[in-house]
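Not measured: the values here are computed from a predicted model. Order of listing sets the numbers, starting from 1, for every ligand and every atom in it.
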Amino acid sequence: MTTETIPAPESARSGGAPADFVAAATALLGPKGFTTDPDIVGPWLTDWRGRYFGRALGLATPANTAEIAALVRLCGDHGVPIVPQGGNSGMCGGATPDDSGHAVLINTRRMDAIRRIDRAGRQVECEAGVILQTLHEAVEREGLRFPLTLGGKGSATVGGLISTNAGGTQVLRHGVMRAQVLGLEAVLPDGSVLNQLVPLKKDNRGFDLKQLLIGSEGTLGIVTAATLQLEPAIAARAVLWAGVDSVQTARALLLHAQDKAGSALEGFEVVPHHSLHAVLDYLPTARAPLEGDHAWHVLIELVADAGGADALPDLAEALLVSAFEAGLVADATIAANEAQAEAFWWLRDSVAPAERAQGPAMQHDISVPVDRMADFIDFAAPLFEREFPGTTAVGFGHLGDGNIHFHVLAPKGVEAAAWERGEGKAISHRVHDLVTQWGGSISAEHGIGQLKRDELARLGDPAALHVLRAIKAALDPQGLFNPGKLV
Ligand SMILES: Cc1cc2nc3c(=O)[nH]c(=O)nc-3n(C[C@H](O)[C@H](O)[C@H](O)COP(=O)(O)OP(=O)(O)OC[C@H]3O[C@@H](n4cnc5c(N)ncnc54)[C@H](O)[C@@H]3O)c2cc1C
């Protein structure tokens, strides 16, 4: 983490604006809600991956929606750009300010109230700063669950998840964040509060503004609260780990599992041999679930509510037996207990940090149509290793969603920054070109941020880009909301 100081930029200081702004923001929010202390602000000026380093006029941590609205109006009056921030676990530098030092960071961490859990209606209303893991635990106590999870759940906030339209490992059954949001409250760039928290099953009063804000990465508004859909708590789960000989077989196993397990199938993740071994090197206490080497590993999660819990072990067993008989699985095991199930997920969730520990890599969060992803991996991985000698290309993650994290690891011994700027950049262009040719997306779930903004401009559909820019200009004519991100 950087501990850079946050001096007012020279140009602006001469106009007196930053000092006026800082004084007014401090008066508005008090010392608990606004600080320029470099030791407090510093850790929030870099992204989770450590790729982007910014500066800021100060860090605002408002206590409620009214304070955010007042602060946004103040920023408008002073022409101060705003960078919204939740848990800062995003993967695309979306929550990191630029290095001009002109912007203010608005972090929602103090807005962490769970306002209401409606057991009968299976809904929760909470503030934007609620951390995903806290949300899981709170609704679990009521016999419910929020059906979206991801590796960054200890940091990611509801506001961040909404603003990036996050995915994760349960999308196969429940869909992305967009599908979980029933209502939304947000402060818009003019300081007005859009209150659509009351969920309506039917509402045809024009554009769905709530959906417009979901995935807008802080460029159109600051999400302050949401009403989210809940599911009954699961009464049982079965977590299976299988070794298969190819990604094509993994794909066949997915179809098989969908056929045999139906709606009980909640997760289907793939981990190639290289990634599993990176994790085992990274986590000295972790153990491989299976003896022997396998080209690909598949993690499958089946779940049941109270009505189906007793039958779940048999369903898991039958799924594996039939997969063996069909020649799909070389070896497999079912977690014997909850601790082992967690250990399997720990391996899967550790792939990203383990690969990060191995050295520089270009990471691509891509999707193609689900039925083409196995072909894409088979085509692309050898292509990149051939075209960029010394690299290792791996694809892991959400095969069931047609979404793979396609990482190209640098040749051993290269200097990270120089490689990323040179060959690494060429690799990313090539990956994005290829994905676009295959009819896919250069950002399946992590968003665009500052990481992929130029690539979106280069490869995006011109008609779609025109609409994105027109909406941005209409809602944020001063261009103060998260400048340099997304559009
Ligand atoms: C180990 C690990 C695993 C991960 N796995 C996944 C995964 O499987 N799937 C996935 O989708 N993501 C994953 N992520 C990425 C990350 O957790 C998500 O993008 C998450 O949604 C970010 O939430 P956050 O609160 O940390 O947002 P931040 O990182 O703080 O911000 C992300 C973006 O949202 C904006 N923003 C934040 N809060 C608000 C708000 N209240 N209003 C308006 N804009 C706001 C920011 O300006 C920024 O553009 C992972 C991250 C880690 C560290």
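Formation of a donor-acceptor pair under 3.5 Å by the D401 side chain with backbone atoms of V171 is not found in this model. Remark: side-chain polar atoms of H136 are paired, donor with acceptor, to backbone N or O of L148 under 3.5 angstrom. Using a distance-only test at 3.5 Å, with no hydrogens or angles considered, no donor-acceptor pair links the side chain of N165 to the main chain of V176. The closest donor-acceptor contact from the side chain of R173 to the backbone of L265 lies at 3.5 Å or more, if one exists at all.
Of the protein's non-hydrogen atoms, S163 OG, 3.1 Å is the one closest to atom 43 (C) of ligand 1. For atom 15 (C) of ligand 1, the nearest protein heavy atom (residue, atom name, distance) is S89 O, 3.5 Å. The protein atom (non-hydrogen) at minimum distance from atom 46 (C) of ligand 1 is P84 O, 3.1 Å. In this structure, atom 1 (C) of ligand 1 lies nearest to the protein heavy atom G151 C, 3.8 Å. For atom 31 (O) of ligand 1, the closest non-hydrogen atom on the protein side is A95 CB, 3.6 Å. Scanning the protein heavy atoms around atom 27 (O) of ligand 1, the nearest turns out to be G160 CA, 3.5 Å. Counting protein heavy atoms only, atom 2 (C) of ligand 1 is closest to G152 N, 3.4 Å. Given atom 7 (C) of ligand 1, the protein heavy atom at minimum distance is E445 OE2, 3.4 Å.
Only one option out of F344, W346, W345 pairs with W241 in a ring pair (Phe, Tyr, Trp, His ring centres under 6.0 Å); it is F344. Partner I471 forms a side chain to side chain contact (heavy atoms under 4.5 Å, CB included) with one of T219, D476, L220 and no other, that one being L220.
Here H429 and H432 keep their ring centres 6.0 angstrom or further from each other.
At least one heavy atom of L161 sits less than 4.0 Å from an atom of ligand 1. For the pair G221 and ligand 1, a heavy-atom separation below 4.0 Å is found. Residue K485 places every heavy atom at 4.0 Å or more from ligand 1. At a 4.0 Å cut-off, at least one heavy atom of G168 sits close enough to ligand 1 to count as contact.
Close approach of ligand 1 to H398 (heavy-atom distance below 4.0 Å) involves ligand atoms 8 (O). Residue contact check: I222 has heavy atoms under 4.0 Å from atoms 42 (N), 43 (C) of ligand 1. Applying the 4.0 Å criterion to heavy atoms of E217 picks out, from ligand 1, the atoms 47 (O), 49 (O). Per-residue contacts place A166 under 4.0 angstrom from the following atoms of ligand 1 (heavy atoms of the residue considered): 11 (O), 21 (O). For ligand 1, the atoms closer than 4.0 angstrom to any heavy atom of G218 are 43 (C), 44 (N). Close contacts of ligand 1 with Q85, meaning ligand atoms under 4.0 Å from a residue heavy atom, involve 30 (O), 37 (C), 38 (N). Of all the atoms in ligand 1, the ones that sit under 4.0 Å from a non-hydrogen atom of A156 are 17 (O), 20 (C), 23 (O), 24 (P), 25 (O), 26 (O).
Under 4.0 Å from ligand 1, not a single heavy atom of M177 appears. At a heavy-atom distance under 4.0 Å, atoms from both the backbone and the side chain of V223 approach ligand 1.
In terms of N/O distances under 3.5 Å, ligand 1 is not approached by V83. Annotation: T157 places an N or O atom under 3.5 Å from an N or O atom of ligand 1; distance criterion only. In terms of polar-atom proximity, defined here as any N/O pair under 3.5 Å, G87 does make such a contact with ligand 1. Close N/O approach between T108 and ligand 1 is not found [any backbone or side-chain N/O within under 3.5 Å]. The N/O atoms of G167, backbone and side chain alike, include one that comes under 3.5 Å of an N/O atom in ligand 1. In terms of polar-atom proximity, M91 is not counted as a contact of ligand 1, lacking any N or O under 3.5 Å from an N or O of the ligand. The N/O atoms of W48, backbone and side chain alike, include none that comes under 3.5 Å of an N/O atom in ligand 1. Polar contact check, N482 against ligand 1: a nitrogen or oxygen pair lies under 3.5 Å apart. Inclusion of G90 in the set of residues having an N or O under 3.5 Å from an N or O of ligand 1 is warranted. Checked by distance only, ligand 1 and T164 come closer than 3.5 Å through their nitrogen or oxygen atoms.
Side-chain atoms of H405 and E445 form a donor-acceptor pair, as typed in the model, at a separation below 3.5 Å. Looking at D37 and T35, their side chains never bring a donor and an acceptor atom within 3.5 Å of each other. Side chains of E355 and S275: a donor on one and an acceptor on the other come within 3.5 Å. There is a side-chain donor-acceptor pair under 3.5 Å between H364 and S428.
With sequence neighbours excluded, the residues satisfying salt bridge (Lys or Arg N to Asp or Glu O under 4.0 Å) with E342 are R237.
Crowding of H466 atom NE2: a count of heavy atoms from other residues, nucleotides or ligands under 6.0 Å not exceeding 12.
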Could you go through the side chain to side chain donor-acceptor pair (under 3.5 Å) check for R356 and Q363 one step at a time?
CA-CA 10 Å; R356 198 165 65 140; Q363 292 128 346; over 6 Å; no

Please test W296 against H273 for side chain to side chain donor-acceptor pair (under 3.5 Å), starting from the C-alpha separation and ending with a verdict. CA-CA 5 Å; W296 285 83; H273 173 271; over 6 Å; no

- Carefully, step by step, assess D47 and N88 under the rule side chain to side chain donor-acceptor pair (under 3.5 Å). CA-CA 6 Å; D47 68 312; N88 200 22; over 6 Å; no

Let's go through R178 and Q211 carefully: what are the C-alpha distance in whole Å and the side-chain angles of both, what is the deciding distance for side chain to side chain donor-acceptor pair (under 3.5 Å) to 0.1 Å, and is it a yes or a no? CA-CA 7 Å; R178 202 179 279 293; Q211 289 295 342; 2.9 Å; yes

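Taking 4.5 Å as the limit, every side-chain heavy atom of D118 sits out of range of all side-chain heavy atoms of T227.
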